[in-house]
Each structure stands twice: as structure tokens, then as C-alpha cells.
*Asks:* 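Okay, handing you the structure first.
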Amino acid sequence: MAFLARFGAPVRGFLEFLGDQAHLVLRTLRHALLLRLDQMAVVGGLTKLQIRFTGLDALWLIVGTALLLGAVTLIQAFSQLSGLGAENYIGVLMVLIILRELGPLLTAVLIIGRSSTAIAAELGSMQLNGEVDALAAHGINPYQYLLLPRWLGVLVSLFALVVCFDAAALAGGFLVAKLKYAVTFGFYMDSVRQTLSNRDFVATLLKVLLFSGAISFQACHFGLRIRRSQTEIPQAVTKTVVSALVAVFALDGLIAALFYF
Amino acid sequence: MIELRDLALDAPDGRPLLAGLDLTVPLGGNLLVTGPSGSGKTWLLKVIAGLECPAGDRVRVAGRDIWPGDGALGMAGRVSVGFAFATGGLLSNLSLAENVALPLRFLGVPAAESQVRVKSALVRLGLAAVASLRPHAVSAVARKHANLARVLALQPALVLLDDPLEGLDSADRAIAQELILAWSVDSACTLVIAAEEPASFSHLEAERLQLSGASISVESP
């Protein structure tokens, strides 16, 4: 029995966590549908702020990372496949490695590092300062005022950043291809276009939708659970990062299996 | 306005604060909750506001079940509540004026009317000069008054004040007391005050609820 109890407790804890997350998502969506037109202006303003912090402020980090990654991917590919007509596989390599997998995944990881930590810490300190109580007491629905704009902001930012990441990675790859094999831009883009399919677009959109939910709702969940002291804030931030990373990698594997297996 | 039936409260650490409280406060009525520090005054206010869940049994505000129920979410947009917190409670990324205006914006009060109400509340509480500053940049007294200004601008049907006079000097105390007196005689407003020292509110005509460990006493005005 002791063995079963030891095994059962974490399983039960995990299932409770999943239940809490589902509850948070469903309540936020339900309250989003109840928003009035005048409230949308307030929520829209907060969403714009979140887009600025999560999207605009991270743009150069994402573009720089993607440029280097695109270039390094083709440098490594050419070093291994030289003599085997590597230039013919440029499009396949870029689509398989960058656009399908690393683009959405690395962008999500960078957003977890920059924004989910900030959201968890901000909501935690709001909770300790009585700000969440003050909102609820004065008729300001915390699902509409706190959760919805953060999720929408992360969703829009993640989508825009994935597009920028993919574009910058393709640019980095093109620079290497041009310098190494004097590949023209037309040939490079044709090669990428031929490998890309509608399925890739749908898979990327699904990833953006699910990753943004996993990142923002887990940050909100851990941030809003803080009740007593400042020392809970770093613990909540750590839990947010670990939990969001696990969720993003698990969702990525699931989508890859669903679309490409 | 407020109906408490067989109410039981536990502190966050699980310690029982009170049990078996039956109380009704009519619309326009006043209730003064007193007791030593840690006796559950603030907790009771938060339970009435729907912010904390009681250990048992029932809380109704304006005819709506708050507990068991959705708490503050069940009242949002239906019952207008103003809560002046003893500490904190102001959004740190907004100025005092924006803090006062936020509930009005969210509840759909027209912009022009909202501006008038915010300005008049800030002036009445002597906050006009610091209205554009954020809470961290003003004194504790100004933060306390900003909590009252938010309640004043909202013109709520239920006013909950947690130790509203604590830490105020005589001039600031007079401003707050004048405001509290106006709420207490307003027949459209139900007033609940939690205070450690009841002497400051001896002039108010209010039902008195004394919390002291396990014992509860209710005294009519």
C-alpha cells in the first residue's frame, strides 16, 4: 500500500495540475465571450502592452538567433554533405530543420525565458500586494483583466516572432548558400517552396496556438497561486519555466507525431 | 443587503476564527466589526466581498448567493462593491487617478462622467496634487486615501472599509471620518467597517459585531 501511495501521489498531483489548467483556460475563454464593447478597449490596451513586452522587445533577440541558426545549419550540412550535391538539398534541410521544428520551438523557448517568467513574477507580486483582490472586489473580472490580455498578447507575439524567426533563418541560410555555392536567391526560394506544404502551415499554426496557451496559462497559474511571501516568487518562476518547457516539448512531439508520423 | 447564516471562518493557517455567525445587515444599514488583531475582521470583510471562501456555510449579498457560489465573480457587474483595503490594494503600474478610474472604465461609466467623479473624489481626499503619481511614489497616508477615493468615485451600494483610520494624523482622520459619516447616513449605501479601536466610530449609528477568539457578540445600535 505504501508503494502504491508513493506512486499515486505524484500522479494525482499531475492530474490535479492538468485539471487546474483546463479550468483556467475554460474560465478565461468563457469570460472572454462575456466581454462588453467598452471593456474590450481596456483589455485591448493591456494586450497591446503585452505584445510590446513579449513581441517587439524580443524581436532583435529572435532575429539574431535565427540568422545564426540558419547560417550554422547550412554550414554544418555542407561540411557533411559536400560532394553529394548538398546544394540540391538546401530547401529540404531548411524546411525540415528550421521551419517545421526549430522555428516554433526555439521561439517558444525564448518567450518562456523572457516573458513567462515575467508574467509569473508580476502576477505573484500583484497577488501579494492585494492587487488581484482589489480588482475582483471592484467588479473587474481577473480572467478578463489579467489572463485574457496576457494570453492574447503571447499568442499574437509568438505568431509574429515565429514568422520573423523563419524569415531570418532563411536569410542566414541563404547567405551561406550564396557564399559557398553561389546559389541564387530564386533557386534558394524555389527549393524551399517546393518542400513546404500546406500541412507545414497548419502544423505551425497549431503549435503557435497551443504553445501560447501552455506558456501564458502556466505562468498565470503559478503566479496567481502565490499567497504568502516574496520567497514564493522565485519558486513560482522556476516552476513556470520547467513546466512550460515540458509542456512545449510534449506538445511539439505530439504535433510532429500527428502530422508527420 | 448582507445575510450571513451559520457562518464559520478559518484563518489561512487553519485556525478557527469564528463559527455559527448569523447576521443580517439591511440596505442602508451599518455594521462595525471590532476585535483584537488576528480575530478575523479583515477575513470577514473579504468573505463578504467574495474574495475568500468561508469554512461554512452561507453568505448572501443583495439577494445573491456569494458562498457557496462564485464569490466576487458572482457579484461583478451586478452588485456594486467598494473595498478600501488597510494596506496595498492599488495597482502599482497605474497612477492614483488611473487606479480610481479603472473600476469606472471597466463597469462602463461614460468617460465624461467618470472624469468628473474621479476628479471630485481625488480633490475631496486631498490627492489632487499627487494624482498623477504611482502608489510607490506617494506616502502611506496618500495610498490609504486613494483606496477611499476609489470607493467614493465608484458610488457603491456596499462599502467595505478595513481599518480606514489606522495610521492617519488628525487632519487626515477628519477627512476620512467626514466621508465615513456621509456613507453611514446614505440610505442607498450599506457600510461595513472593520476596526481594532471602536472608539473612533462611537458617533456612528451601527450594529456592532465584536469578534474575540471563539466568542462573538452582536449589539444593535
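The analysis underlying the following values was restricted to heavy atoms, covering all of them including side chains, and did not include hydrogens, waters or symmetry mates. So you know, we letter chains A, B, ... as the sequences are listed, proteins then strands, and number each from 1.
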*Asks:* For B:Arg78, is it the side chain, the backbone, both, or neither that has a heavy atom closer than 4.5 Å to a heavy atom of chain A?
*Replies:* neither
*Asks:* Answer yes or no: is there a side-chain heavy-atom contact under 4.5 Å between A:Leu135 and B:Leu91?
*Replies:* yes
*Asks:* Show the nearest heavy-atom pair for residues B:Ala72 and A:Ala136, with the distance to one decimal.
*Replies:* CB-O, 3.7 Å
*Asks:* Sort B:Phe85 into side chain, backbone, both or neither according to what part of it lies under 4.5 angstrom from a heavy atom of chain A.
*Replies:* side chain
*Asks:* Go through the atoms of B:Leu90 and report whether side chain, backbone, both or neither lie under 4.5 Å from a heavy atom of chain A.
*Replies:* backbone
*Asks:* Where is the tightest heavy-atom contact between B:Leu107 and A:Asp38, given as atom of each residue plus distance?
*Replies:* C-OD2, 4.3 Å
*Asks:* So, the side chain of A:Glu131 versus the backbone of B:Gly89: is there a donor-acceptor pair under 3.5 Å, distance only?
*Replies:* no
*Asks:* So which heavy atom on A:Asp133 is nearest to which on B:Leu51, and how close?
*Replies:* O-CD2, 3.4 Å
*Asks:* Can you say whether B:Leu94 sits under 4.5 Å from chain A via the side chain, the backbone, both, or neither, judging by heavy atoms?
*Replies:* side chain
*Asks:* Heavy-atom cut-off 4.5 Å, strictly under: side chain, backbone, both or neither for B:Leu160 against chain A?
*Replies:* neither
*Asks:* Check whether A:Leu128 gets within reach of chain B through its side chain, its backbone, both or neither, counting any heavy atom under 4.5 Å.
*Replies:* neither
*Asks:* So, are B:Asp70 and A:Arg27 salt-bridged, with charged N and O less than 4.0 Å apart?
*Replies:* yes
*Asks:* Step through the shown structure and confirm whether more than 12 heavy atoms of other residues, nucleotides or ligands are within 6.0 Å of CG on A:Leu37.
*Replies:* no
*Asks:* Please round to the nearest 0.5 Å and tell me the distance separating atom CZ of B:Arg105 and atom CD1 of A:Ile140.
*Replies:* 10.0 Å
*Asks:* Over all heavy atoms of both residues, which pair between A:Arg36 and B:Gly108 is shortest? Give the atoms and the distance, please.
*Replies:* NH2-N, 3.4 Å
*Asks:* To the nearest 0.5 Å, how far apart are NE2 in A:His138 and OG in B:Ser80?
*Replies:* 8.5 Å
*Asks:* Is any side-chain heavy atom of A:Pro142 closer than 4.5 Å to one of B:Leu73?
*Replies:* yes
*Asks:* If you measure from CD on A:Gln144 to CZ on B:Phe106, what distance do you get to the nearest 0.5 Å?
*Replies:* 4.5 Å
*Asks:* Just give me the residue among A:Gly130, A:Ala41, A:Ala137 that pairs up with chain B most often, heavy atom to heavy atom, under 4.5 Å.
*Replies:* A:Ala137
